[in-house]
Every structure is written in C-alpha cells, then in structure tokens.
Asks: 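Please see the structure below; I have some questions.
The chains referred to below are lettered A, B, ... by the order of the sequence lines, with proteins before strands, and numbering in each begins at 1.
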2 protein chains.
Amino acid sequence: MFYLIGLGLGDAKDITVKGLEIVKNCDKVYLEAYTSILTVGKETLEEFYGRPLILADRELCESSIDNVLEEAREKHIALLVVGDPLGATTHTDMLLRAKEFGVSTQIVHNASIMNAVSCCGLQLYNFGETVSIPYWTDTWKPDSFFEKIVANFARNLHTLCLLDIKVKEPTEESLTKKVRQYMDPKFMSVKEAAQQLIHIIENHPESEINKSTTAVGLCRVGAPDQKIAVSSIEAMQQCDLGPPLHSLVIPAPNLHPLELDYLAQFR
Amino acid sequence: MFYLIGLGLGDAKDITVKGLEIVKNCDKVYLEAYTSILTVGKETLEEFYGRPLILADRELCESSIDNVLEEAREKHIALLVVGDPLGATTHTDMLLRAKEFGVSTQIVHNASIMNAVSCCGLQLYNFGETVSIPYWTDTWKPDSFFEKIVANFARNLHTLCLLDIKVKEPTEESLTKKVRQYMDPKFMSVKEAAQQLIHIIENHPESEINKSTTAVGLCRVGAPDQKIAVSSIEAMQQCDLGPPLHSLVIPAPNLHPLELDYLAQFR
C-alpha cells in the first residue's frame with residue numbers, strides 16, 4: 001500500500017489524526033523536501049511522530065519512484081507532502097505509476113496554500129487561474145505569468161502567485177561533472193516577486209496593472225507567526241515579511257465590501 | 001478566544017491534531033451544520049472528541065453570532081466547520097466582528113473541496129473561477145454561472161461547480177407565520193446539476209460547451225467510498241453516484257497528457 005499524506009502548512013500538529021495514525025503504522029515513511037517546506041524541520045517531525053523519516057528529493061520522487069512502489073507491493077509505505085498531496089503534478093504521476101504496479105493507494109488531504117490563501121479575506125470563489133513566478137536569471141526572464149494576472153484582473157478575479165523555490169538544484173558547473181554540487185536552497189520573497197513584477201510593468205505601460213495596483217503579501221500561512229501585508233506593488237518591493245514561505249496575491253480591481261474591510265486590517 | 005476549526009472532508013479523523021487539541025480544551029464547541037456536511041454525523045464526532053457539541057444553524061452563525069463572541073471574551077469557544085473554515089463569507093465576517101469585540105481568534109485550516117478536487121487528476125493551477133449551481137424553482141432559473149464556465153473554457157481552464165445545499169430552509173408558507181417550519185434537507189447531485197446544465201445548453205446552441213462536452217462528477221471526496229465519474233454532460237444526467245456531497249467539474253477543452261491519463265481511469 002502506498003499512502004500520500006498531506007502535512008498542511010504550519011507545524012507538526014497540522015497533520016490530520018488519520019494521517020498521523022498511518023504514519024505511526026507504516027513500515028517506511030518518506031518526507032518530500034523539495035516542493036515546499038513547513039516551519040519546522042525533519043527532526044521536529046520525527047520527534048512528534050516518534051519514528052524516523054527518510055528525506056525524499058526530486059531524484060527519488062521522479063527517477064527512483066519505481067523502487068519505492070516496488071517496496072509498496074509488500075509493505076506499507078507513506079510519502080509525506082507539505083500542503084495537500086495533489087498540489088503538484090509529480091504526485092498525480094506517482095498514483096498512475098502505482099496503478100501500473102498494481103499497488104493500492106490512499107490519499108490523505110490537508111490544507112494547502114490554494115485554499116488557505118483565504119486567510120487574507122479575499123474570497124476563494126473570486127480567484128482566477130493561479131500562476132507561478134519563477135526566479136529570473138541574467139539570461140532567462142520569462143514574464144508570461146503577467147498576461148494571466150492581467151486576464152484575471154480584467155475579469156475582476158484575484159490571482160494567487162506561487163513564488164519560486166530552489167531546493168537541491170545542481171549548480172550549472174556541476175551538470176557536466178561526475179559529482180553533483182548543489183546550490184544553497186532559496187525561497188522567493190514577496191519583495192523579490194514585487195521587484196520582478198515592477199520590471200514587467202515598466203515594459204508594459206499600457207497594462208491595466210501598474211505600480212500602484214494593490215498587492216497582498218502572505219508569509220508562513222497557517223503558522224502562529226503568519227504575516228499578511230497589503231500595499232501597492234511598488235511599496236511591496238520594500239516589504240520584509242521574514243522567513244519563507246511567501247506568496248503574493250494581486251486582488252481584483254473591484255472588491256466586495258467585506259473583502260475591503262478585511263484587507264484594511266493589513267495595510 | 002474564538003477558534004474557527006476546519007474538519008476536512010471525510011470523517012471524524014480528518015480533523016488535524018492541532019484542531020483536536022483545541023476541541024478537547026475548549027469551554028464550548030459549536031458545529032456548523034448548514035454550509036456543508038461530513039460523511040458522519042454529530043453523534044460520531046461527539047464520541048470521537050469525547051465531548052458534547054452544539055449544532056449551529058444559519059441563525060446562530062449570522063444573527064446571533066454576537067452572543068457567541070460575547071461569551072468568547074471570557075471563555076474558549078470553537079466553531080467547527082466542514083472543509084476549510086474560510087471557504088464561506090460568513091466566517092470571514094465572524095472574524096471581523098470578533099475584532100470589534102476585542103476577541104482574539106485562531107484559524108485551523110484543513111482540506112476543502114477547493115483543493116481536494118485535484119483527486120480527479122486535474123491540476124489545481126489550471127482551474128479558473130469557481131461557480132455555484134443553485135437549485136432552480138418553477139419561477140427562478142438563474143443561469144449566470146454558465147457564462148463563467150464558458151469564459152473559463154475559452155481560456156482553457158477547468159471549472160469547479162459547487163452544488164447547492166438546502167439545510168434548515170424555512171418553507172415559503174411558514175415565512176409569514178409565527179412558528180417556522182423547515183424543508184427536508186437536500187443536496188444537489190451531479191445528475192441534477194447535469195440536467196440543469198443541459199437545459200441551459202439547449203438555450204445556448206451557439207456555445208462552445210455542448211451536450212457532448214466532458215464533465216467530471218465527484219462524490220464524497222476524501223471519504224473511503226469517494227467516487228469519480230467521467231462522461232459527457234448528457235450522459236452525466238443518468239449518473240447516480242450515491243449519497244452527498246457531490247461536486248461537478250467541467251474540464252478545459254485541451255488537457256495535459258497526464259490529466260487525460262488520470263481521467264481515463266474514471267470513464
């Protein structure tokens with residue numbers, strides 16, 4: 001049996017009672033460590049669950065997943081995923097592979113940023129398509145996500161922007177070497193996201209979205225030290241919300257009075 | 001202190017460990033019983049939590065919420081909500097009222113249909129605006145949600161359709177009487193939703209969405225007897241997925257190969 005278990009967003013106690021029971025009874029438990037992070041680390045989770053965890057990086061979840069599923073034919077194996085386990089394509093793919101292997105699966109859902117973003121007071125049913133903002137490099141500055149934000153804005157919909165995460169990324173130099181070297185992990189802040197957005201806005205002076213458009217910065221959603229900040233995109237460039245994870249929302253231009261009242265708390 | 005605690009989607013064990021600890025330690029715990037339901041009832045939850053719960057209907061959550069918040073000035077009061085606690089406007093409103101009362105609040109997030117819908121294999125970031133399909137009456141047949149589905153479809157986005165729930169609705173006749181009488185609770189099925197959609201499609205023969213457009217029916221998401229069915233909207237009119245809650249998805253016209261493969265399991 002193969003279990004995909006969501007851990008929610010904050011700390012060790014955000015796992016569900018159902019999820020915790022499975023974790024305690026499994027033969028082997030992997031902790032996915034590259035699509036998102038909790039506010040606590042592997043050791044804290046191990047202590048809370050009373051059992052060891054095995055870190056699962058991208059290589060294990062993608063190229064080596066068949067070995068895990070092979071094991072799951074005879075044993076109870078769980079993969080713990082921050083947020084909801086079906087937020088990323090990788091996990092849907094795993095479930096299809098499991099079917100090919102004849103391995104039964106169970107999914108334990110949990111909160112993810114896709115629904116917990118409502119903590120800022122913007123209503124979930126007024127969100128349009130979600131976008132991802134990638135880290136730019138000197139030579140690669142994609143901005144196609146901006147069109148999607150503009151399209152949502154034109155339909156009076158909010159946009160949730162998921163911000164880039166780089167964990168265990170091989171350095172460019174090491175790609176051709178035998179021994180892989182990895183970059184330090186980095187997590188895009190609302191400040192960095194706002195800076196990239198301002199660059200794009202400067203290249204699109206005709207756009208409905210400009211420097212003074214409102215942005216909502218969210219940080220460590222679901223944790224006791226969660227922070228929310230509301231300002232113009234321009235001012236968001238100077239907004240320091242502290243440690244990761246961060247997310248950004250560009251609200252629709254015309255808000256419901258209740259949404260306005262709720263956001264006003266964070267200005 | 002006032003706590004809003006999400007119960008997730010399936011049964012008693014879908015509460016988080018954090019949520020359960022709070023429930024056990026509160027002075028009074030209300031169970032919201034009109035925006036959604038679990039697959040288990042109040043008695044099962046009371047047994048699992050080892051404490052009594054007070055049913056909270058619409059009147060309590062809207063007109064009488066000030067009394068609850070008044071109590072929360074001195075005591076620990078929790079309101080349990082199926083799914084994530086911030087899925088409905090009512091709860092955002094409660095948090096604003098709590099602030100006016102000077103009452104501290106804590107939100108415990110959980111899975112909701114807004115993220116768990118990914119169990120059908122459609123990727124969350126490819127969903128557009130969510131719509132609600134209301135029960136029609138003889139004299140009231142709103143269809144404005146259809147335009148939103150069409151707009152999502154035109155942008156190659158999926159639409160999650162939340163289906164109507166009628167719990168503790170006063171009968172029309174009783175509205176003018178001193179003693180309120182209530183209708184039996186009813187929950188729209190994917191079958192009923194498909195029937196209403198077919199009516200609308202017949203009135204919009206020029207639309208991109210027609211009788212043979214694919215629909216995904218979801219039922220009791222997150223529960224052990226969860227069911228997913230994929231067919232044309234026309235065929236969905238004959239699809240019986242069993243007890244509530246049901247939801248419907250109209251997928252985008254062009255799907256990712258992984259989405260196609262995953263959906264194929266449910267045809």
Asks: Kindly compute the distance separating CD (B:Glu259) from OG1 (A:Thr92), expressed to the nearest 0.5 Å.
Replies: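 Interatomic distance, B:Glu259 CD to A:Thr92 OG1, rounded to 0.5 Å: 8.5 Å.
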Asks: Top residue by heavy-atom pair count (under 4.5 Å) with chain B, among A:His91, A:Gln106, A:Lys99, A:His256?
Replies: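 Most heavy-atom pairs within the cutoff with chain B belong to A:Lys99.
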Asks: Please check if the number of heavy atoms outside B:Glu62 that lie under 6.0 Å from its CD is greater than 12.
Replies: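 Yes - once you tally the heavy atoms of other residues, nucleotides and ligands closer than 6.0 Å, there are more than 12.
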Asks: Using non-hydrogen atoms and a limit below 4.5 Å, what part of residues 152-163 of chain B faces chain A?
Replies: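 Within residues 152-163 of chain B, the residues that come under 4.5 Å of chain A (heavy atoms only) are B:Asn152, B:Arg155, B:Leu157.
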Asks: Would you check if B:Tyr125 and A:Val131 make a side-chain contact, meaning some heavy-atom pair closer than 4.5 Å?
Replies: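 Answer no - side chains too far apart.
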Asks: Has A:Lys148 got more than 12 heavy atoms of other residues, nucleotides or ligands less than 6.0 Å from its NZ?
Replies: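 No, because the 6.0 Å sphere around NZ of A:Lys148 holds 12 heavy atoms or fewer from other groups.
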Asks: Walk me through whether A:Tyr262 and B:Leu95 qualify under side chain to side chain contact (heavy atoms under 4.5 Å, CB included).
Replies: CA-CA 9 Å; A:Tyr262 210 85; B:Leu95 294 172; 3.2 Å; yes
Asks: Below 4.5 Å, heavy-atom pairs only: which of B:Ala12, B:Ser112, B:Ser132 has the largest tally toward chain A?
Replies: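 Of the options given, most contacts go to B:Ser112.
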Asks: Among A:Asp14, A:Thr130, A:Asn126, which residue has the highest count of heavy-atom pairs closer than 4.5 Å to chain B?
Replies: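 Top count of heavy-atom pairs under 4.5 Å with chain B: A:Asp14.
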Asks: Under a 4.5 Å heavy-atom cutoff, which of A:Ala111, A:Pro85, A:Gly121 has the most pairs with chain B?
Replies: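 Sorted descending by pairs with chain B, the first entry is A:Ala111.
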Asks: Within the supplied structure, the quantity of interest is the number of heavy atoms (other residues, nucleotides, ligands) at a distance under 6.0 Å from A:Gln265 CD; does it exceed 12?
Replies: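 Yes - once you tally the heavy atoms of other residues, nucleotides and ligands closer than 6.0 Å, there are more than 12.
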Asks: Between the side chain of A:Asn115 and the main-chain N/O of B:Asn110, is any donor-acceptor distance below 3.5 Å?
Replies: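 Side chain of A:Asn115 to backbone of B:Asn110: a pair is present.
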Asks: Decide yes or no for B:His109 and A:Cys119: does some side-chain heavy atom of the first lie under 4.5 Å from some side-chain heavy atom of the second?
Replies: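 Yes, side chains in contact.
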Asks: Considering all heavy atoms of both residues, which atom of A:Asp84 and which atom of B:Ser118 are nearest to each other, and what is their separation?
Replies: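 Closest pair (atom of A:Asp84, atom of B:Ser118, distance): OD2-OG, 3.8 Å.
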Asks: Look up atom CG in A:Leu20 and atom CG in B:Leu20, then write down how far apart they are to the nearest 0.5 Å.
Replies: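 One finds 10.5 Å between CG of A:Leu20 and CG of B:Leu20.
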Asks: When you look at NZ of A:Lys42, are more than 12 heavy atoms from neighbouring residues, nucleotides or ligands closer to it than 6.0 Å?
Replies: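 More than 12 within 6.0 Å, yes.
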Asks: Please flag which part of A:Glu129 lies under 4.5 Å from any non-hydrogen atom of chain B: side chain, backbone, both or neither.
Replies: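 For A:Glu129, backbone and side chain are both near chain B.
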Asks: Heavy-atom pairs under 4.5 Å with chain B: which of A:Leu86, A:Leu9, A:Asp261, A:Val108 has the most?
Replies: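 Going by pairs under 4.5 Å, I would pick A:Leu86.
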Asks: Quick check for you: among A:Asp11, A:Ile113, A:Val221, which has the greatest number of heavy-atom pairs under 4.5 Å with chain B?
Replies: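 The candidate making the most pairs under 4.5 Å is A:Asp11.
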Asks: Checking B:Phe127 against chain A: side chain, backbone, both or neither under 4.5 Å from a heavy atom?
Replies: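 B:Phe127 touches chain A through backbone heavy atoms alone.
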Asks: Sort A:Leu124 into side chain, backbone, both or neither according to what part of it lies under 4.5 angstrom from a heavy atom of chain B.
Replies: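 Both parts, backbone and side chain.
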Asks: Which region of A:Ala151, side chain (C-beta onward) or backbone (N, CA, C, O), has a non-hydrogen atom less than 4.5 Å from a non-hydrogen atom of chain B, or is it both or neither?
Replies: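 For A:Ala151, the contact with chain B is made by backbone and side chain together.
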Asks: Please look at B:Leu258 and chain A and tell me whether the side chain, the backbone, both or neither of the residue comes under 4.5 angstrom of a heavy atom of that chain.
Replies: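 Contact with chain A: backbone and side chain both.
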Asks: Please classify the contact of A:Glu21 with chain B as side chain, backbone, both or neither, using a heavy-atom distance under 4.5 Å.
Replies: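 Side chain only.
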Asks: Please name the pair of heavy atoms, one in A:Gly87 and one in B:Gln123, separated by the smallest distance, quoted to 0.1 Å.
Replies: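 Scanning both residues completely, I find the closest heavy atoms to be O-OE1, 4.3 Å.
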